[in-house]
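Scroll down for the structure; my scribbles are underneath it.
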Protein chains: 2
Amino acid sequence: MFLKMLACITKASNHPGKRMAVTLKEVAERAGVSRSAVSRTFTEGASVSAKTRAKVEKAAKALGYSPNAIASSLTTGRTKLIGLVSNNFHNPLFLEVVDLFTRGLQARGLRPLLVNLSNETDPANSVRMLRQYSVDGVIVASSTLPPSFAEAFRDAGVPVVHSFGRYTTSPHVHVVGIDNNACGRMAAYALIARGHKRVAFLGGPENATSTQDRERGFLDALAGHPDISVSVSYARAYSFDAGRAEMTRLLQSSHAEAYFCGDDVLSIGALSAIADAGLHVPQDIGVIGLNDMAMARWQNINLTTIRQPIAEIIEASIELVVGTIDRPDRHPETRLFPCRVIERGTLRKPEG
Amino acid sequence: MFLKMLACITKASNHPGKRMAVTLKEVAERAGVSRSAVSRTFTEGASVSAKTRAKVEKAAKALGYSPNAIASSLTTGRTKLIGLVSNNFHNPLFLEVVDLFTRGLQARGLRPLLVNLSNETDPANSVRMLRQYSVDGVIVASSTLPPSFAEAFRDAGVPVVHSFGRYTTSPHVHVVGIDNNACGRMAAYALIARGHKRVAFLGGPENATSTQDRERGFLDALAGHPDISVSVSYARAYSFDAGRAEMTRLLQSSHAEAYFCGDDVLSIGALSAIADAGLHVPQDIGVIGLNDMAMARWQNINLTTIRQPIAEIIEASIELVVGTIDRPDRHPETRLFPCRVIERGTLRKPEG
DNA sequence: ATATTTTTTGCAACCGGTTGCAAAAAAAAT
DNA sequence: ATTTTTTTTGCAACCGGTTGCAAAAAATAT
């Protein structure tokens, strides 16, 4: 009895090393049943008697069998693969995003197939590639790509959601994110509340939708305050270096009292320029960022910023993409999550 | 003529939206050739006459066909999928790692299937999952997991390389990374050269192989210097908070003159604790990190650190994994890349 | 022109699974 | 014990491709 168990274990642990890929057929033969029976044993909710299931499971265990997801996808039409497409691989926030996406997808039995766009903005290659792999759905995670990028997937018949994307009134694809416009306004109000009279927007790249929208909102909110002067400039990327470079440039002429920066990493670059110029934050210059990435609360940074609820955004994105897989004709939806100012040390206290 | 073109375009652009997945068969029928002919047209180096190739390509274009990689993998035995497994999703360095891996793999026509281990240390689930997807190979990117983790893949017959893994004299899997031991010694020499007499290692988690090895090297190098006192402590993770917490604790008693921190992010946490204690770097305390992640050279951090050449490590890892896919019996190799000290502002100049 | 060699082509089997269907077995009803 | 109903089972076709093989076609040699 003990010997038998031992033999069994030995055999089992030998097998995988030697022989690649145990197949359904081998299990069927060993268990003395049809291939269908084996298939059914491993298919949720299929009809198998307890007796055959036992035989099959025993044989499968002995052989170290686990069903080939690729092969089964051929008939079921589901690969459980989700394309995760982004061009954001240099922003620390994106690491948090990847972490949450992978965990969220895994929790639902889905696998992320990662696509790094680098600087590519044409969706054609990604679409072709992800269709070749028959992904069940695609998540485009980018605050810079235009809606047309995600739409290319929809046009190819692939369920898609654009996370961190631009809100449009008549969306053609699901969009989950924040109202960048509203965030711009929120930043403006924050600066107004602090009595700043010369404020500025230090944006990301001018062609990033998020920068465009945040600027719009910022300016709109300030339009009703003619006593406040506003200026606008752009960093060449959402990056530390770009933020630092732009702020360094700004400090050479007469600068504003407070800056709304396009995002956190830009803010941190700006802060470093400010420190190097011998100015103090928030006394001499105020800075408010956007994102609230993990690093923003590091004590040596301590950035006042607008929090974007990325965990919720990502949850909703996943939910929406799986929803669309189940019902491909589902109407495109826009889900925007509210943001809020996180008070830290780079903006002085509101007046009064 | 123009009308014909137009009609053609319209048809083509209509198709993808409506109908999922154009198949080989449909192309074959439209082109009036056998399915084999179509298959061969899309297979590198297969025998097709110019005439049929033209017919097939025309039909394929019209239908918007592109071959199904999943289906073909069934017969070719190659999915071109590479599992990228890690537990490192909170270290900013890892974003750079993911960026380089995805780009490197994509450049070779391979697709990264990302697996986030979170805190899981048992390889069983990852192995099963990645085998179900028939990945061609696996890259385990972790400086904390033991060799046995990657070995589980090899035991399952999956080509694997452990990037950033521990060096062993008789490796059972490919290991690419750095000599952590040597790095520990390098750090020690750097501190010795600066004339520090009380030095310390502020490690990462005690069970991380990288921390164990760096400590070993550090202590070994200092063993020959009885005039220098050494102490050792551990942060509970490779994270800002952990580094800060541990340094805060250390500063409560009499602290060392210079610290070799387990990695950069730990160093940054430590630096923030030092700053908050009103001490100055490098005058009052010196810090040297390890990794040289992008952030280390930010001017507001300006960390003296030991550079780990991650681009080379990743290139080599990819090369090794594809090499093993081609020759599965390839002997396990260890490739260690040299590191070097990057002088910045957190360690005073060497003496003399 | 015919014979020989080379290239191209389609047939059919296969990769590793799933699934509709009808027959067989088991369970429930009579 | 027989009939009816329900469950389980295997057959065979299929998913979307690839590939060995032999026949057909084209190219080259005689």
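To find a chain, count down the sequence lines: A is the first, B the second, and so on, and within it residues start at 1. Everything numeric here is computed off the predicted structure, so don't read it as measured data.
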Are [X] and [Y] linked by a side-chain donor-acceptor pair shorter than 3.5 Å?
X      : Y     : answer
A:T79  : A:S73 : no
A:T52  : A:S49 : yes
A:N116 : A:S86 : no

For B:Y133 and C:dG16, is the shortest distance between a side-chain N/O and OP1 or OP2 below 4.0 Å?
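Answer no for this pair, as no side-chain N or O of B:Y133 is under 4.0 Å from OP1 or OP2.
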Nearest-angstrom distance from the residue atom [atom1] of [X] to [atom2] of [N]:
X      : N      : atom1 : atom2 : result
B:N68  : D:dT18 : CG    : P     : 9 Å
B:R131 : C:dG17 : CZ    : P     : 11 Å
B:Q132 : C:dT18 : CD    : P     : 11 Å
A:L63  : C:dG16 : CG    : C1'   : 15 Å
B:K80  : D:dT18 : NZ    : P     : 11 Å

N-O pairing of B:R53 and B:E57 below 4.0 Å:
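Yes, this pair counts.
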Please determine whether a side-chain nitrogen of the Lys or Arg among B:E333 and B:R335 lies less than 4.0 Å from a carboxylate oxygen of the Asp or Glu.
yes
Using a 4.0 Å heavy-atom cut-off to protein, can you give one letter per nucleotide of nucleotides 8-15 of chain D, 5' to 3': B if the base is in contact, S if only the sugar-phosphate is, - if neither?
BBBBB-BB
Nearest to the side chain of B:S39 - C:dT18, D:dT18, D:dG16?
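When the side chain of B:S39 is considered, D:dT18 is the closest of C:dT18, D:dT18, D:dG16.
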Which part of the nucleic acid does A:Y65 contact within heavy-atom distance under 4.0 Å: base, sugar-phosphate only, or nothing?
sugar-phosphate
I want to check something: taking the side chain as every heavy atom from C-beta on, are A:V175 and A:F164 in contact at a cut-off of under 4.5 Å?
no
Output yes when a side-chain donor or acceptor of A:D136 lies under 3.5 Å from a complementary backbone atom of A:K80, and no otherwise.
yes
Main chain of B:S143, side chain of B:T209: is a donor-acceptor contact present, judged purely on distance under 3.5 Å?
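Indeed, once roles are kept as given, a pair shorter than 3.5 Å links the two residues.
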Does the pair A:E315 and A:R108 meet the rule for a salt bridge (charged side-chain N to carboxylate O under 4.0 Å, His left out), with working shown?
CA-CA 11 Å; A:E315 256 324 291; A:R108 291 162 213 246; 2.4 Å; yes
Five pairs per end, C1' atoms only: what is the angle between the end axes of the helix from C:dA1-D:dT30 to C:dT30-D:dA1, to 10 degrees?
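End-to-end axis angle: 30°.
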